[in-house]
Structure formats: C-alpha cells, structure tokens
Amino acid sequence: MKILKILAVSAMALGMTSCVSKKQYDALSTNYKQCIENIGERQREIQDLKSQNSALTGENSLLKSQHDALKSSLDACLSNTGKSSANIDKLVSEINSSNSYIKQLISNNAKNDSLNLALSNKLKRSLDNVSDEDVQVKVLKGVVMISLSDKMLYKTGDYNILPAAQEVLGKVAKVINDYDKYSVLIEGNTDNAPLNSPNLPRDNWDLSALRGTSVAKVLQTQFGVDPARMTAGGRSEYNPKATNMSVSGRGENRRTEIIIMPKLDEFMKLMDIAPKK
C-alpha cells in the first residue's frame with residue numbers, strides 16, 4: 001500500500017509539473033522510476049517464494065507418507081517380536097556357521113594358491129633352457145598347466161616320444177614327484193587336419209589319446225611317477241587354443257598338456273566342511 005501511495009503521489013506530481021520547480025520535478029521523476037524498479041524486484045521475490053513454498057509443500061507431503069509407512073512397519077515388527085526374535089537367533093547361528101566355513105575355505109584356497117605358485121616357479125626355473133615355443137607353464141583357476149608342443153615330443157602323425165623330449169619330461173617328472181599330494185592329468189590335443197588310416201592311429205581321437213598315454217607311460221616307467229596319480233586321455237581337435245585357419249594356429253593346437261592339481265579327495269574333504277542345512 002505504501003508503494004501504491006508513493007506512485008499515486010508521484011503521478012499527481014507529474015500531472016502538476018506546472019506547479020513545481022524543475023528540481024522538484026526531476027527528484028519526483030527519479031523517485032518514480034526507482035519505485036517501478038522496486039516493484040519489479042518485489043514481484044520476482046514473491047514468485048521465488050511461491051516456488052519454494054510449493055517445493056517445500058511437496059517434500060512435506062512425501063516425508064509424511066514415509067513417516068506413516070515406517071510407523072506401520074514398526075507396529076508390525078513390535079506385534080511379531082517373539083517370532084522375529086526366534087528367526088533372528090536362527091539367522092545369526094547360520095551366519096556364524098557360514099562365516100566359519102568361509103574362513104576355512106579361504107585358508108585352504110590361500111594354501112593351494114601358495115603351493116601352486118611355488119610349483120609353477122619351480123617348473124619355470126627347471127625349464128629355463130627350453131624354448132618358450134615348446135614349453136609353456138602357467139597357473140589357471142587354481143591348477144598348474146604345462147603345455148608341450150607336438151614337434152618337441154613326436155614325429156608328425158606319430159605318438160612315440162622322441163629321445164630329445166626325455167630331458168624335458170624328466171624335469172617335469174622331478175617337480176611332479178616333489179609334489180606327491182597332487183594329481184596329474186595328461187591330455188593330448190590335435191589340429192583339425194583329417195587323419196584317416198586303417199591302422200592306429202586311425203583318426204585324431206586315436207592320435208590325441210595315444211599321445212596322452214605315451215607321455216604317462218614315460219613319466220611312469222622312466223621317471224618313477226606313481227601311475228595312481230595320473231589320468232591320461234585325448235581331446236582330439238575339439239579343444240583348440242587358436243584358429244586352425246593358419247599354420248601357426250594349427251601348430252599351437254597340436255600339443256600335449258600336463259595339468260597338475262590338488263587330488264580329488266582333498267577337494268571333497270573341503271566340501272565336507274560346508275555348513276549343514
């Protein structure tokens with residue numbers, strides 16, 4: 001109202017310019033313009049306050065809804081205190097049992113990881129003078145894998161071990177014998193080049209299996225590896241490491257892998273410590 005009165009007075013003053021001096025007119029004119037600007041600012045402030053009020057009203061409504069929902073949940077929990085207490089006790093017991101199992105599992109896994117790493121490092125040191133193309137050693141998913149190229153082990157299409165491979169197999173056997181709690185899986189692998197013969201090997205299945213068993217027999221008869229620890233077989237062309245479309249890829253696929261891993265009964269013992277349901 002005060003602003004309106006000022007405006008009215010200013011308007012009257014402007015209407016009576018003939019009755020006032022030039023100095024008074026200029027002062028009134030300046031005062032009028034300032035009032036117009038103040039009105040604009042006040043209107044913007046009012047609009048901002050309305051927007052804030054609307055937002056706060058919405059937040060207040062949401063908080064009220066959340067409060068009502070929490071109150072309902074609390075009432076429900078309080079009405080079932082007896083049942084909840086029993087369930088919580090059971091849950092805590094199961095959690096403690098699971099935690100014990102997890103700790104045991106972590107301990108066993110850590111032990112296996114350490115043994116695998118030591119085994120891998122020992123193999124790599126033993127095979128330092130062997131070409132990386134012929135022998136590869138790595139730890140994968142908790143097991144130690146030794147990949148031997150076919151050109152080092154056999155003649156093309158044959159499964160008899162070459163004399164030159166004896167030294168490498170002897171070094172591998174030494175490490176296998178040092179880790180006598182581990183099982184040994186020997187797998188022969190081929191490329192997809194067809195092999196058709198009336199005699200053994202008749203095809204890639206025969207060739208891969210015979211190559212796997214040939215390595216097992218050498219490890220047993222010449223280097224004293226316990227045959228009860230070994231499993232030998234072949235995977236033919238169906239476990240490729242690289243494409244068979246290139247010469248280098250086919251060469252990589254023709255290999256025999258010796259996989260050293262914890263014995264199955266040790267793994268089963270680990271499973272027995274799981275909490276009973």
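Heavy atoms only: backbone and side chains are in, while hydrogens, waters and symmetry mates are out. If you read the sequence from its start, that first residue is 1, and numbering goes on from there.
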Can you list every pair that meets ring pair (Phe, Tyr, Trp, His ring centres under 6.0 Å) and has a residue in residues 44-63, with sequence neighbours left out? none

Would you name the heavy atoms of K241 and N253 that are closest together and state the gap between them? N-OD1, 2.7 Å

Do Y159 and I161 share a hydrophobic cluster, counting only Ile, Leu, Val, Met, Phe, Trp and Tyr and linking them when any side-chain heavy atoms are less than 4.5 Å apart? no

Is a side-chain N or O of N204 found less than 3.5 angstrom from the main chain of S236, in a donor-acceptor match? no

All pairs passing salt bridge (charged side-chain N to carboxylate O under 4.0 Å, His left out) where residues 189-207 contributes a residue, at least two apart: D191-R254, R202-D206

If every non-hydrogen atom of N177 is compared with every non-hydrogen atom of G224, which pair is closest and at what distance? OD1-O, 3.7 Å

Joint hydrophobic cluster, I146 plus L219, side-chain heavy atoms closer than 4.5 Å: yes

Would you confirm whether R229, through its side chain, and Y182, through its main-chain N or O, come within 3.5 Å as a donor-acceptor pair? yes

Can you name the closest pair of heavy atoms from G212 and I186 and give their distance? O-CG2, 3.4 Å

With sequence neighbours left out, what residues match E187 under salt bridge (Lys or Arg N to Asp or Glu O under 4.0 Å)? R235

Sequence neighbours left out, what passes salt bridge (Lys or Arg N to Asp or Glu O under 4.0 Å) with K155? Give chain and number order. none

Please list all pairs passing the ring pair (Phe, Tyr, Trp, His ring centres under 6.0 Å) test where one or both residues lie in residues 209-258, with sequence neighbours left out. W205-Y238

With no hydrogens and no angle check, is any side-chain donor or acceptor of N31 less than 3.5 Å from a backbone partner on A27? no

Basic-acidic side-chain contact under 4.0 Å: E252, R250: no

Determine whether V144 and V135 fall in the same hydrophobic cluster, where Ile, Leu, Val, Met, Phe, Trp and Tyr are linked whenever their side-chain heavy atoms lie under 4.5 Å apart. yes

What residue pairs, at least two apart or across chains, pass side chain to side chain donor-acceptor pair (under 3.5 Å) with a residue in residues 210-225? none

Apply the side chain to side chain contact (heavy atoms under 4.5 Å, CB included) test between V218 and each candidate in L169, V225, N160; give the one that qualifies. L169

